[in-house]
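When a residue number appears, it is its place in the shown sequence, counting from 1.
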Amino acid sequence: MTWIETIIIAIVEGLTEFLPVSSTGHMIITQNLLGIPQGDPFVHAFTFIIQFGAILSVVCLYWRRFFQFDSTPAPEGSTMLQKLKHRYQFYWLLIVGVLPAVIIGLLAKKSGLLDWLLDSVEVVAVMLVVGGVFMLYCDKLFNKGSDANKLTEKRAFRIGLYQCISVIPGVSRSMATIVGGMTQGLTRKRAAEFSFFLAVPTMAGATLLDLLDLLKEDAAWATTHNISMLILGCAVAFVVALLAMKWFVAFLTKYGFRAFGIYRIVVGTVIILLLLTGHSLAMVD
């Protein structure tokens with residue numbers, strides 16, 4: 001990968017990480033357009049690792065919320081564990097929410113399914129269209145949230161189950177978790193914010209696993225050039241995501257999912273038509 005290719009992919013990642021359009025899917029499409037060979041272990045790892053750069057923007061933008069502790073007294077008669085859960089409720093809900101993704105993600109990775117999916121632009125295109133059609137109607141189906149509905153352990157776990165669907169490129173982790181939150185009675189804004197928070201442990205774990213796998217397979221990838229690409233990609237994705245996230249919350253709260261659904265259908269349909277007519281997505285072979 002070149003410096004220009006790295007910057008382009010990182011910009012795409014930063015723009016799409018928190019939008020319900022699938023950042024992984026868009027990076028796969030971008031890699032195909034740029035003619036970057038698929039199936040390379042470093043390219044796979046790069047796709048996940050720079051997502052963590054974008055995710056760190058959540059900690060930066062919401063640092064007051066992310067480093068929060070409940071200082072109110074725990075209910076009388078609470079056990080030590082209950083007192084800890086009360087004080088660190090925010091983090092406990094994140095742990096509960098991320099558990100399903102940990103299990104499903106590990107199974108998909110060990111089976112090789114994840115690597116196969118990451119190489120399939122066809123899967124991305126189909127899921128963009130399917131998800132886009134769904135998004136045209138999800139506001140009417142699930143837009144009954146209320147600020148009075150509290151985020152409980154059960155709700156966090158169920159949102160985590162929705163997140164598992166995003167193991168399929170093109171689905172969008174953001175879309176899956178936000179819709180999951182809306183099905184649990186959360187408003188679009190609160191569902192989006194919990195989606196952002198949940199992304200931090202999810203992507204941190206994925207990044208760590210990919211780094212360990214790279215080191216186990218062959219440390220020859222760790223050249224000065226490749227490490228520089230990872231650092232640059234994370235930095236660019238961080239800055240772009242920081243700007244995109246603030247805009248997205250305001251847009252989603254006011255307008256909902258419909259515009260994103262139309263965008264997904266158009267992009268997915270164009271890619272499917274290109275593939276069906278025998279055209280390559282690569283701009284240069």
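Ile36 CD1 to Ile9 CD1: the interatomic distance, rounded to the nearest 0.5 Å, is 3.5 Å. Here the straight-line distance linking atom SG of Cys164 with atom CZ of Arg173 works out to 11.5 Å at 0.5 Å rounding. Taken to the nearest 0.5 Å, the CD1 atom of Ile159 stands 6.0 Å off from the CD atom of Gln184. Within the model, atoms CZ of Phe134 and CD1 of Ile265 stand 12.5 Å from one another, a figure rounded to the nearest 0.5 Å. Atoms CE and CZ, from Met127 and Arg264 in turn, are 7.5 Å apart once rounded to the nearest 0.5 Å. The distance from the CZ atom of Arg87 to the NZ atom of Lys83 is 12.5 Å, given to the nearest 0.5 Å.
In this structure, the side chain of Thr2 engages the main chain of Glu5 through a donor-acceptor pair within 3.5 Å. Glu17 places no side-chain N or O within donor-acceptor distance of the main-chain N or O of Gly14, the cut-off being under 3.5 Å. In terms of modelled atom types and a separation under 3.5 Å, the side chain of Asp139 and the main chain of Gly256 share no donor-acceptor contact. With Arg258 contributing its side chain and Met135 its backbone, the two residues share no donor-acceptor pair below 3.5 Å. With hydrogens and angles ignored, the 3.5 Å screen pairs a side-chain donor or acceptor of His26 with a backbone N or O of Val21.
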Under the side-chain hydrogen bond (donor to acceptor under 3.5 Å, both in side chains) rule, what do Thr177 and Ser195 come out as? Steps first, then yes or no, please.
-> CA-CA 6 Å; Thr177 49; Ser195 171; 2.6 Å; yes
Show your working on side chain to side chain contact (heavy atoms under 4.5 Å, CB included) between Arg158 and Thr183 and close with a plain yes or no.
-> CA-CA 9 Å; Arg158 289 167 181 165; Thr183 66; over 6 Å; no
Does the pair Ile178 and Arg188 meet the rule for a side chain to side chain contact (heavy atoms under 4.5 Å, CB included), with working shown?
-> CA-CA 7 Å; Ile178 293 173; Arg188 282 197 296 247; 5.5 Å; no
Go through the steps to decide whether Gln51 and Met27 satisfy the test side chain to side chain contact (heavy atoms under 4.5 Å, CB included), and finish with yes or no.
-> CA-CA 10 Å; Gln51 288 184 70; Met27 282 193 286; 3.6 Å; yes
I would like to know whether Gln163 and Thr202 meet side-chain hydrogen bond (donor to acceptor under 3.5 Å, both in side chains); could you show each step before the answer?
-> CA-CA 10 Å; Gln163 181 172 239; Thr202 302; 3.2 Å; yes
Run the numbers on Tyr263 and Leu128 for side chain to side chain contact (heavy atoms under 4.5 Å, CB included), then give the verdict.
-> CA-CA 9 Å; Tyr263 168 80; Leu128 281 174; over 6 Å; no
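Residues Tyr91 and Val102 share a hydrophobic cluster, clusters being chains of Ile/Leu/Val/Met/Phe/Trp/Tyr side chains in contact below 4.5 Å. One hydrophobic cluster, built from ILVMFWY side chains closer than 4.5 Å, cannot hold both Tyr162 and Leu107; they sit in different ones. No single ILVMFWY cluster, assembled from side-chain heavy atoms under 4.5 Å apart, contains both Leu93 and Ile95. In the hydrophobic clustering of this structure, Leu273 does not group with Leu275; members are Ile, Leu, Val, Met, Phe, Trp, Tyr whose side-chain heavy atoms approach within less than 4.5 Å, directly or through other members. Linking Ile, Leu, Val, Met, Phe, Trp and Tyr whenever their side-chain heavy atoms come within less than 4.5 Å leaves Ile103 and Val167 in two separate clusters.
Closest non-hydrogen pair, Leu274 versus Thr277, comes out as O-OG1, 3.0 Å. Of all non-hydrogen atoms in Ile50 and Leu230, the two that sit nearest each other are CG2-O, 4.4 Å. Here the shortest heavy-atom pairing between Thr24 and Pro169 reads CG2-CB, 4.3 Å. Residues Pro100 and Phe157 come closest through the heavy atom pair CG-CE1, 3.6 Å. Across all non-hydrogen atoms, the minimal contact from Trp92 to Glu153 is NE1-OE2, 2.8 Å. Among all heavy-atom pairs drawn from Gly233 and Ala10, the shortest one is O-CB, 3.4 Å.
The aromatic rings of Phe196 and Phe18 sit perpendicular to each other, their planes meeting at more than 60°, with 30° as the lower class boundary. The aromatic rings of Phe197 and Tyr62 sit perpendicular, their planes meeting at an angle over 60°, well past the 30° parallel limit.
Exactly one of Phe257, Phe260, Tyr255 qualifies for a ring-ring contact (aromatic ring centres under 6.0 Å, His included) with Phe248. That residue is Phe260. Just one of Leu243, Val240, Leu242 meets the side-chain contact (heavy atoms from CB on, under 4.5 Å) condition when paired with Ser57; it is Leu242. Among Ile168, Ile28, Val171, the one residue that satisfies the side-chain contact (heavy atoms from CB on, under 4.5 Å) test with Val123 is Ile168.
Side-chain contact check for Ser22 versus Thr16: every heavy-atom pair is 4.5 Å or farther apart. Contact of the Val98 side chain with the Leu94 side chain is not registered, since no non-hydrogen atoms from C-beta on lie closer than 4.5 Å. Taking the side chain as every heavy atom from C-beta outward, Ile271 and Val124 never approach each other to under 4.5 Å.
Close placement of the Phe66 and Phe90 rings is indicated, their centers lying within 6.0 Å of each other.
With a 6.0 Å radius and a threshold of 12 heavy atoms from other residues, nucleotides or ligands, Ile4 has its CD1 atom at or below the threshold.
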